[in-house]
Amino acid sequence: MRKLLLTLCLLAVPAVGFASPVQSLLPGAEQRGAATFRLLGLPVYQARLFTRGGAPLDWGQDFALELTYQRRLSQTELVEATLREMRRLGQAAPDRARFEACFQGVAPGDRYLAVSEGPDRIRFLRNGRSACTLSKPGIKHGFMSIFVGPNSRSPRFTRALLG
């Protein structure tokens, strides 16, 4: 019995260690929606949108977006895709070096959490640890529009995130 209890406790430890820190960064946050982004039918990442109280997205309020990667992507791939999407949407992006400081390559199971702090600041965490904070006028709209904006690459994905 003691061995079974110890095994169950050890199995629970990783789950606790990987719990999303969204509540501590965005008090009252609840999941609004979730979706899996696919490219050529292959899953790239699972996304979850968090708003205060699970309310509909309001760009005037802070919110969070968590991406859990399903495949391996290099730092270059992440940075290039982000910059390409921001340009496609007509958004002003921070310079490449700022994104390179924020984003590392990912493997299946790695998570990035982006939490807005007003319209001009986003805090990024990678696997629950602080990665960087980007400050730039309009960065919240510029970056988050990739996922939840009206002209996102996948309207179906965006609708599922928006709930």
Side-chain angles (χ1 to χ4, degrees), residues 14-37 44-153 157-158 160-163:
V16 171
F18 290 112
S20 177
V22 71
Q23 280 295 325
S24 64
L25 297 172
L26 189 65
E30 292 179 22
Q31 184 175 313
R32 171 70 187 177
T36 299
F37 182 78
V44 178
Y45 53 79
Q46 294 175 333
R48 298 190 305 160
L49 176 66
F50 295 89
T51 60
R52 286 200 170 97
L57 180 66
D58 175 352
W59 285 92
Q61 301 293 316
D62 287 329
F63 60 93
L65 182 71
E66 183 181 63
L67 305 181
T68 303
Y69 288 86
Q70 305 299 299
R71 59 178 300 150
R72 185 172 303 279
L73 296 170
S74 70
Q75 177 188 40
T76 300
E77 289 171 314
L78 287 175
V79 169
E80 284 296 322
T82 301
L83 292 172
R84 187 173 43 250
E85 280 304 292
M86 289 182 78
R87 282 192 298 270
R88 184 183 72 78
L89 294 169
Q91 304 294 333
D95 61 46
R96 174 182 304 283
R98 303 263 327 267
F99 274 125
E100 287 173 346
C102 286
F103 301 131
Q104 298 175 7
V106 294
D110 282 340
R111 290 175 297 117
Y112 268 101
L113 176 66
V115 182
S116 68
E117 297 176 339
D120 303 330
R121 188 174 156 108
I122 299 177
R123 181 181 303 203
F124 291 92
L125 284 81
R126 182 179 192 273
N127 294 330
R129 295 190 170 188
S130 183
C132 75
T133 299
L134 291 178
S135 297
K136 181 176 178 65
I139 188 67
K140 174 169 85 173
H141 194 269
F143 179 80
M144 298 293 208
S145 287
I146 294 171
F147 310 96
V148 294
N151 297 316
S152 71
R153 180 129 341 246
F157 169 83
T158 298
L161 272 180
L162 295 175

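Numbers here simply count residues along the sequence, with the first being 1. In this text, all values refer to a predicted model and were calculated from it rather than measured experimentally.
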Original post:
Which atom pair, heavy atoms only, marks the closest approach of P108 to Q70?
Top reply: CG-O, 3.7 Å
Subject >> Least distance between heavy atoms, L26 atom then F50 atom >> reply: CD2-O, 4.0 Å
Subject >> Heavy-atom pair of closest approach, residues T158 and G149 >> reply: CG2-O, 3.8 Å
Original post:
Mind checking whether R123 and L25 have side chains closer than 4.5 Å, heavy atoms only?
Top reply: yes
**OP:** Return the set of residues passing side-chain hydrogen bond (donor to acceptor under 3.5 Å, both in side chains) with S116 (not counting sequence neighbours), or none when no residue passes.
**Re:** D62
**OP:** Among residues two or more places apart or on two chains, list those pairs meeting side chain to side chain donor-acceptor pair (under 3.5 Å) that have a residue in residues 129-141.
**Re:** H141-S145
Original post:
Of all residues at least two apart in sequence or in a different chain, which pass the salt bridge (charged side-chain N to carboxylate O under 4.0 Å, His left out) check with R32?
Top reply: none
Original post:
Mind checking what makes side chain to side chain contact (heavy atoms under 4.5 Å, CB included) contact with T82, not counting sequence neighbours?
Top reply: M86, F99, F103, F143, I146
Subject >> Interatomic spacing from CE in M144 to CD in Q91 - rounded to 0.5 Å >> reply: 12.5 Å
Subject >> Residues in salt bridge (charged side-chain N to carboxylate O under 4.0 Å, His left out) contact with R87, at least two apart in sequence or another chain >> reply: none
Original post:
Looking only at heavy atoms, which two atoms of I139 and D120 are closest? And how far apart?
Top reply: CG2-C, 3.3 Å
**OP:** Could you pull out the closest heavy-atom pair between L134 and P94, with the gap in Å?
**Re:** CD1-CG, 4.2 Å
Original post:
Who pairs with Q61 by side-chain hydrogen bond (donor to acceptor under 3.5 Å, both in side chains), at least two apart in sequence or on another chain?
Top reply: none
**OP:** Nearest 0.5 Å please: distance from the CG atom of L49 over to the CZ atom of F63.
**Re:** 6.5 Å
**OP:** Look up atom CG in L89 and atom CZ in R153, then write down how far apart they are to the nearest 0.5 Å.
**Re:** 8.0 Å
Original post:
Which pairs with one or both residues in residues 64-89 pass ring pair (Phe, Tyr, Trp, His ring centres under 6.0 Å), sequence neighbours excluded?
Top reply: Y45-Y69
Subject >> Partners passing salt bridge (charged side-chain N to carboxylate O under 4.0 Å, His left out) against R126 (at least two apart in sequence or in another chain) >> reply: D110
Original post:
Nearest 0.5 Å, what's the CZ-CG distance between R48 and L65?
Top reply: 10.5 Å
Subject >> Those residues that, when tested against R88, pass salt bridge (charged side-chain N to carboxylate O under 4.0 Å, His left out) (two or more places apart) >> reply: E85
**OP:** Grab the two heavy atoms, one from G109 and one from T68, that are nearest each other, plus how far apart they are.
**Re:** O-CG2, 4.0 Å
Original post:
What pairs meet the disulfide bond (SG atoms under 2.5 Å apart) rule with one or both residues in residues 45-76, with sequence neighbours excluded?
Top reply: none
Subject >> All pairs passing salt bridge (charged side-chain N to carboxylate O under 4.0 Å, His left out) where residues 91-109 contributes a residue, at least two apart >> reply: E80-R96
Original post:
Going by the disulfide bond (SG atoms under 2.5 Å apart) test, which pairs reach into residues 79-133, not counting sequence neighbours?
Top reply: C102-C132
